[in-house]
Each structure stands twice: as structure tokens, then as C-alpha cells.
Amino acid sequence: MRVLAIPFLGLMIVVAATQVAPGAQQAPPASTAPRSAPTFTAAQAAQGETAYRASCASCHGASLNDGAFGPALKGVQFIQKYGGKSVEPLYTVSATRMPTTAPGSLGPAVYAQIVAYILQQNAIVAGAEELPSDPARLASMVIPQGGFAIMAFSPYTPPTPKVTRPNPLDRYTPVTDDMLASPVPTEWLGWRRTWDAHGFSPLTQITKSNVPNLRVAWSWSLPSGSNEGVPLVHDGVLFVHGMGDRVQALDAKTGDLLWEYRRQLPQGVSATVKRGMALYRDRLYIGTSDANVIALDARTGKLVWDTRIGDTRVREGVAGGVLAARGKVMVGTTGTGVGAKPGGPQIVGLDADTGKIAWRVNTIAQPGEPGGDSWNGIPVDKRSGASVWTTGSYEPTTGLAFFGTGNTYDTGPLYPSIGKSGITNDALYTNTTLAIYPDTGKIVWHYQHHPNELWDLDWAFERQIVELPIRGQMRKLVVTAGKIGIYDAVEAATGRFVFSIDLGLQNIVTAIDPETGKKSIDASRIPGDGTVKMVCPHGAGVKNYPPAAYNPTSKVVFAPLTEACMDVFPIPGGEGRGALSSGVNWGIRPRPDSDGKYGRVQAINLETRKTVWTARDRAPQTSGVLATAGGVVFAGAFDRFIRAYDDANGKVLWQTRLNDVSSSTPITYSVDGKQYLAVVTGQGGFHASSYAALVPELVSPPDRGAMLWVFALP
């Protein structure tokens, strides 16, 4: 018999424990084995900490539960795995498999020290005797299910029967190309549900008549911050990406946690927003804040492969989501300002199985290549912009993937033209739709929506693939809107211009050529001449990254818009400084005809090119739009409300206020015959915050929060 003196809340608690006789060669059966708490010394644990940091922290993390590659060795996840069991399995796994680069190389004493440190970090108190390295003795020492804590089971209580719940991951099936092309109605497999980026669900349980009865089914806290990502749902599992590169799999019916992945970012790399993941085959693909793409096992959350595609040291990042098709994982990078990555951002195609990079496409045209002479004579290392801010789309008939790019951030050298023969100032491939063949990365065609754009009014958002009658024939079109609030449609197979729709909220474009789509510009709005310019829209745009939804039956697109303008004014120091490099900054202002309503959800029939309805509100729109076959459209705004609109007339049918602003996009799915509505909150960055000055009475919670809200009918 030995006595343990355990300090707790300032007291010394004395408990008795039976100790196995030294020299025992084999542990008795579990039912008759003498049981004792683990014993180790503080000095042994301190030695273990040193050894852990040298050999284990790179995988399991400095805090034991924040590693990029290894499972947690501290906390609930660890105790669920090892609590109530003997120390022997933990020691044996450590001594025979770790470190992964040299298993078994540290020696029995060092492995015992590391295990002692792990036990200490799980609230198990040091004693007077060292933890042995003899497996037989370790087999008689039971790890308490919570350490020596007043709220945990006694370490000497016989193990209690475990209660298991049905786990939807047990019936998880691989996601195929056919499933992504035409998902079953119950699922939400991609950023916009389908490859064509419609954001439309065929579910009909939630209707115009019963939507007022929606109630909270369950909710889940997310890491605070700009949670702009959209959840995915497959086989009853909901995957959500939170700020700080944290990914969680939840039971889509109950909200129970199934697994979690936390990425440990390199020192000096900050967490950034992400807007979409990809489910493909049996993996979940994600872009990371350190400019990598990773593949997780969708059933377990374990890292399968990790490939660096960009360089954060030269301000290259990954913000848009991942597109998976034809065995490839495709993602674009971002770059901001002169001095960012030489050659600019890129679109990268990786092998979905191995993570090996198959191809790269520069989104800034390179010298000697098509479009390379379109930068007004600017050398390639001074060209910037053409970032990819959102997920691409894919059209299986043409076999093409479509990505959109943003503007340049160094506008000063692009205007005026230098006037040399063979050189333009169009700045390809800024503000462009790029059609890329996934197998090779070849650019099949491109269409530049706004050459030499000088106001930071990108065309970088969702590319919706729609089928419409054009000149008497049904055609596949790629439809997209820029910040300026103009929709362009081009043929999916060729990039040939088809039509534009100006929503009437801008004052830059004065005319659009009906044959080519070329836009004529009001030169008086061009910044840089030392005068103040009143420009519509504001730099945050009429339309921004929150995506529109499209109903393929009615041919109506539902767009989340904001009505605002800006004064573009000169600043001290002139050229080379300011918001871009034209020597100007901008300040938000209402439209000249404003009535104080800034938020706008607009329904436009793409076949007739006419507005069906417009719903306006004081609060600017901040979320994307979800459309459903039940005749209900959902969207969120800066006042923290999510609203349901009648898709025929825009009437508000239901609304509820959330804990914070939603900068994500609502989705809907069904499990066991019940339809759910899910939306993520957590205020985004530039887009949502840009409008705050217009509506100072709409105050968000000072203690910002982030949640996943899930609603259902009673």
C-alpha cells in the first residue's frame, strides 16, 4: 500500500492506492488487477517537457492540443481516448511509434519522462515516485478520467459503461463527380451547392406558408472572427470552417461534434478568412492561412496531405474556396500591392489523390505571353492585383473551370496610356473570367469585363453557369456581376459576349457595346487630377463576394446589393499613395438620391433581363443569398437579421435576429426527412465594416461572437 498526498484547492487530500510489486512481469487480467493512479515526479515531468518540445511538439503542438499533424495529447479528446485505461498503451504507442521520423529512438527512460509530462498536463498530480518504463507495471496504473479534479470521476471508480450515439460518419460515402454535378436534394456539397454556383436548393418542405414557423433546432459556437466560409453537408454530416483554420465535423441533425482539425500556423502568419471548402471522394479540401492546400480524411479529420502553393512572405494568400473536379483540386491565390509575389497571384491545380501540383496559371499576363504587353510598359515585378477571391465554377459539358479575378492595386502607372505601338493599358488578366481546362491548366479563353479599372471595383465573384435561349438556341452562359453592379453574360464554350444588365447604381460606365460588351467610361470620374470625384458605387461595391442565387426554373437571379457611393479625394503626397496608387483615398457617402435605405435584394429575370422585384431596407446586405424550390429566398444583413423573402414578390415572410452579423451565406439541407436552414455569423472584414458609417445606430455587440445557427420547422 502507498499513500498519495494530492494538493487540491489549498488542501492536502490523502488517498490510499495499491501498488504492484516491483518486478512483476505480467499484468493480471483487468477484472482482478490491482488498480492504482499513475505515479511520477515533478522533476521527471520537467525532463519530459524538454524532450517533448524537442521531439513531439512539431506534430502535436506546443500546447499538446494545437498541432497540425498529430492528435491532441491534452484535454477532452485525449481523455476520451485514454481515460479509464492503463498507462501502458500510451507508453507503448509513444515508445514504438514516436517520433515518426525515428520511432523508438529516445530510450525507455525518456519515453517515460514524456508520458509523465503528458499526464501532468492532464491535471494528474505528481508524487514521490517516478513513472516506470516497465509495461507490466504501467498496465496496473489507470489514467483518471479527468485528472484529480473535483468535477471528474474518482480515479479509483471502476470504468463506467460508455454510451455511444449513432455516428453519421459510419455511413459516409465518397463524393463523386456525378454527385457534384447533380447532388441529391438533401445535400449541400459545394460552396454554392452545385458546380454551376446557383445557390439553389430543390427542397420544398419549408414553404412560403410555413416559413414563419421556423425555430432554432440547434446552434454551435465558432471561433470569433470573420467567419465567411459556407458549411457543407453530406450523408448527415455538416462540415464547418471557422476562423483560425479550424475545421469541425458535426452531426447535421443534432449538432454533436464528430471530429475537429486545428492547424498550427507558422510564427508570424495570421489567420485569414476562407470562403469555401470542397468535398471530393473521401476527403475534405481546404485552403489555409499559410497559403497551403490540405486534404483531410472526411471520416476522421486526419491530415492526408499538405501542399504549399503560395508564399505569405510576399503577401500571397488563399481566401477563395477550393473547386474539385476531374480528379483535380483547383484554388486561386491573392496578392495585394506592389512588392507582392513576383508574377502576381495564380490559379493552381493539384492532384486530388496525392496533392502534387499539376499546373499553375499566372493571373497576371507575363511578358512574352498573350496579354503580356497589356500593362502599359510596367515591368512584371511591378504588376499587381488580379487576385482570385472566390471559388471557381465547373461546367462538365465543355469541361471548363471558370475563375474570376480582381483589379490591380497599382493604378497610377496604368493611366494614361504611354502611347507606344503594340502596348496597351488593359492590364490582363485583371477583372477577367478565365476558362481553364482542369487536366492541363490551359487557358481556353478569357473575357475581360473592365480593362484598366481605376476604382477598386473588382469583377472577382461567383461565376454562375446558366442555360438560356439566345438567338433561338439554348446556350450555356457564364454570368457574373462586378462591384459596379453590372451583370455580364458570355458563352461558356467560347467566351463570346452575349449581354449585359446594368442595375442602375453606378455612374462610371456610360454605354455598353451590345456586340462586344466594351464599356465606355465617363472620363470625369477618373481619379488623380487633384479634384474630388463623386463616384458610384463605393469601393465595397454594389455587389461583392456574398454570392447571388439563381432559380433555374424561373430564370431569376436573386442578388444581395448595397446602395452607396464614395468621394474620391486627393491626399497629401500625391501619386503613389492612398487607397490605390493614384494619390487618392475614398470616403463612403449615400447616393445623391438616397432615402436612407442601403440594403437591397434584387430579383432579375435573366431571360427577359428585367427586374422582377426589389426589396430594400435600411441595413446593408452582408450575406449571400439562398433560393429554394419552396418559393423562399434567404439573406442576412448588417442589422443581424436573417430574412426570408417571397421569391415571387420580395415580401418579407420571416425574420429573426442573430447574435452577430452574418458574412457567410445561408444553406439548407435535409436529414431523415426534415429540412434545416443553417447560417454562420461572425462579421466579415472590408465588405461588412465599410458600411458601418452609413448606419451608426446599428451597433453590433462589443464582444463579437461567431455561431452556426440551424433552424427547422417544429
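- For the side-chain contact (heavy atoms from CB on, under 4.5 Å) test with Leu232, the passing option among Leu284, Leu189, Val175 is Leu284; the others fail.
- For Ala460, the side chain to side chain contact (heavy atoms under 4.5 Å, CB included) partners two or more places apart in sequence, or in a different chain, are Trp389, Asp458.
- Taking every heavy atom of both residues into account, Asn227 and His241 meet most closely at OD1-O, 4.1 Å.
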Could you give me the CA-CA distance, side-chain angles and deciding distance for Leu303 and Leu296, then say whether side-chain contact (heavy atoms from CB on, under 4.5 Å) is met?
CA-CA 5 Å; Leu303 187 69; Leu296 303 180; 3.8 Å; yes

Verdict with supporting geometry, Asp290 and Thr312, side chain to side chain donor-acceptor pair (under 3.5 Å): CA-CA 6 Å; Asp290 50 342; Thr312 57; over 6 Å; no

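- Of the listed residues (Thr333, Val361, Thr363), just one forms a side-chain contact (heavy atoms from CB on, under 4.5 Å) with Val388, and that residue is Thr363.
- The only option from Arg308, Arg313, Arg315 that meets the salt bridge (charged side-chain N to carboxylate O under 4.0 Å, His left out) definition with Asp311 turns out to be Arg313.
- We find the CG-NZ distance between Leu90 and Lys81 to be 9.0 Å, quoted to the nearest 0.5 Å.
- Taking CG of Leu131 as the start and CG of Leu138 as the end, the distance is 5.5 Å to the nearest 0.5 Å.
- Nearest heavy atoms, Ala291 versus Glu316: CB-O, 4.0 Å.
- When only modelled atom types and interatomic distance are considered, Tyr280 and Asp177 share a side-chain donor-acceptor pair under 3.5 Å.
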| said: Working note: Arg263 + Asp306, criterion salt bridge (Lys or Arg N to Asp or Glu O under 4.0 Å); need CA distance, chi angles, decisive distance, verdict. | reply: CA-CA 11 Å; Arg263 186 167 186 80; Asp306 186 345; 2.9 Å; yes

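- Salt-bridge annotation for Arg165 and Asp256: present, with a side-chain N of the basic residue lying under 4.0 Å from a carboxylate O of the acidic one.
- Using a 4.0 Å cut-off between a side-chain N of Lys or Arg and a carboxylate O of Asp or Glu, Asp351 and Lys328 do not qualify as a salt bridge.
- Between Tyr669 and Tyr676, the ring planes lie parallel to each other; the angle is under 30°, not in the 30° to 60° tilted range.
- Formation of a donor-acceptor pair under 3.5 Å by the Thr39 side chain with backbone atoms of Glu129 is found in this model.
- Using a 4.0 Å cut-off between charged side-chain N and carboxylate O, Arg281 and Asp353 make a salt bridge.
- The nearest pair of heavy atoms linking Ala42 to Ala126 is N-CB, 3.6 Å.
- Looking only at distances, a side-chain donor or acceptor of Thr391 sits under 3.5 Å from a matching main-chain atom of Gly321.
- Residues satisfying the side chain to side chain contact (heavy atoms under 4.5 Å, CB included) test with Thr390, not counting sequence neighbours, are Trp191, Phe461, Tyr545.
- With rounding to the nearest 0.5 angstrom, the OG atom of Ser94 is 7.5 Å from the CG atom of Leu73.
- A search for side-chain hydrogen bond (donor to acceptor under 3.5 Å, both in side chains) contacts involving Thr307 returns nothing, not counting sequence neighbours.
- Here the CD1 atom belonging to Ile357 is positioned 5.5 Å from the CG atom belonging to Leu350, to the nearest 0.5 angstrom.
- A search for side-chain hydrogen bond (donor to acceptor under 3.5 Å, both in side chains) contacts involving Asp245 returns Ser289, not counting sequence neighbours.
- Residue pairs satisfying the ring pair (Phe, Tyr, Trp, His ring centres under 6.0 Å) criterion with at least one member in residues 282-325, sequence neighbours excluded, are listed as follows: Tyr285-Trp305.
- The side-chain hydrogen bond (donor to acceptor under 3.5 Å, both in side chains) check on Trp220 picks up Gln248, with sequence neighbours excluded.
- Between Ser219 and Trp709, the shortest heavy-atom contact is CB-CE3, 4.2 Å.
- Heavy atoms only, all atoms of each residue included: Val318 and Gly320 are closest at CG1-O, 3.8 Å.
- Annotation: the span from Cys56 atom SG to Ile114 atom CD1 amounts to 4.0 Å, rounded to 0.5 Å.
- The aromatic rings of Tyr172 and Phe239 stand perpendicular to each other, their planes meeting at an angle above 60°, with 30° marking the opposite boundary.
- In this structure, Pro223 and Gly242 approach most closely via the heavy-atom pair CD-CA, 4.1 Å.
- The OG atom of Ser133 lies 4.5 Å from the OH atom of Tyr91; values are rounded to the nearest 0.5 Å.
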